[in-house]
Amino acid sequence: MEAIEGPFTTMVKAKGLADILNLEHHPFGNNYYATAECGRGPYDPTERHCWAKTCQRAAAPAADCFNGTIVPQHGPNEVKVNRMEACAKSIVSGWQQYWPFLVCMETRYNSEHVNAASHCAESAKVDLRQLFNCYHGPRGDAAQLREALATPDHAGVPTALVN
């Protein structure tokens with residue numbers, strides 16, 4: 001949260017950098033899906049690393065790898081906000097349109113959680129109807145799954161990979 005509001009936003013606002021930068025944010029963080037093999041929570045980094053190894057990187061992951069309950073590090077509001085951010089990311093044209101929505105959601109996370117979505121969508125020019133249709137439907141499940149699969153195993157967050 002602080003990294004998005006601070007150093008990452010400072011970076012993307014640096015003159016000319018946004019023109020040459022391809023920024024990829026994955027709103028899944030330290031979360032993982034509850035599985036029989038790795039555990040069902042509460043949050044445990046050992047369970048998360050197990051899930052990354054046996055589900056994300058497996059050629060043939062177990063049936064419960066991506067369809068159970070998401071185990072959040074910071075509680076149920078984190079899952080809701082991540083889902084909303086994943087939906088926004090899935091309906092906008094690129095990171096430069098997604099970034100203002102993300103910063104708004106993260107700035108309002110502690111006070112409003114997912115309830116900030118209407119304000120953030122309006123201020124970032126994200127189609128609110130599409131956003132809520134995604135969030136409340138199967139497109140939201142698909143958006144979360146995409147972000148779960150794209151989130152690399154990591155020591156902690158934020159994690160920045162530079163290519």
Min side-chain heavy-atom separation Gln130-Val92 under 4.5 Å: no
Side-chain touch Arg48/Asp153, heavy atoms, less than 4.5 angstrom: yes
Side chain Gln56, main chain Ala148, donor-acceptor under 3.5 Å: yes
Met84 CE to Phe132 CZ distance, which is reported to the nearest 0.5 Å: 4.5 Å
Gamma sulfurs of Cys87 and Cys134 within less than 2.5 Å: yes
Within-4.5 Å side-chain heavy-atom neighbours: Lys89 and Leu102: no
Test: Glu37 and Lys53 ion pair at under 4.0 Å: no
Beyond-backbone contact of Tyr32 with Asp44, side-chain heavy atoms, under 4.5 angstrom: yes
Main-chain N/O of Gln73 paired with Glu78 side-chain donor or acceptor, under 3.5 Å: yes
Joint cluster assignment, Val71 & Val157, ILVMFWY side-chain distance < 4.5 Å: no
Residues in side chain to side chain contact (heavy atoms under 4.5 Å, CB included) contact with Ala58, at least two apart in sequence or another chain: Pro61
Side chains of Tyr98 and Glu85 in contact at under 4.5 Å (non-hydrogen atoms): yes
Donor-acceptor pair, side chain of Gln97 and main chain of Ser93, under 3.5 angstrom: yes
Parallel, tilted or perpendicular: rings of His113 and Tyr109 (30°, 60°): perpendicular
Glu47: salt bridge (charged side-chain N to carboxylate O under 4.0 Å, His left out) partners, not counting sequence neighbours: none
Same apolar cluster: Val81 and Ile70, side chain cutoff 4.5 Å: no
Residue pair Tyr33 / Cys55, side-chain heavy-atom distance below 4.5 Å: no
Arg83 to Tyr135 six-membered ring, cation-pi geometry met (6.0 Å, 45°): yes
Cys120 SG to Lys125 NZ distance, which is reported to the nearest 0.5 Å: 13.0 Å
Joint hydrophobic cluster, Leu23 plus Met105, side-chain heavy atoms closer than 4.5 Å: yes
Whether Trp51 side chain and Cys65 backbone form a donor-acceptor pair below 3.5 Å: yes
Full working for side chain to side chain contact (heavy atoms under 4.5 Å, CB included) between Arg40 and Asp64: CA-CA 11 Å; Arg40 302 194 182 281; Asp64 66 348; 3.9 Å; yes
Minimum side-chain heavy-atom gap Asn31-Asn82 below 4.5 Å: yes
Same apolar cluster (I L V M F W Y, side chains within < 4.5 Å links), Val79/Phe101: no
From NE2 (His49) to NE2 (His154), nearest 0.5 Å: 7.5 Å
Shortest non-hydrogen contact between Ala121 and Leu131, atoms and distance: CB-CD2, 3.9 Å
Side-chain donor or acceptor of Arg108 paired with backbone N/O of Asn115 under 3.5 Å: no
Glu122 atom CD: more than 12 heavy-atom contacts under 6.0 Å: no
Heavy-atom side-chain proximity of Phe66 to Leu149 below 4.5 angstrom: yes
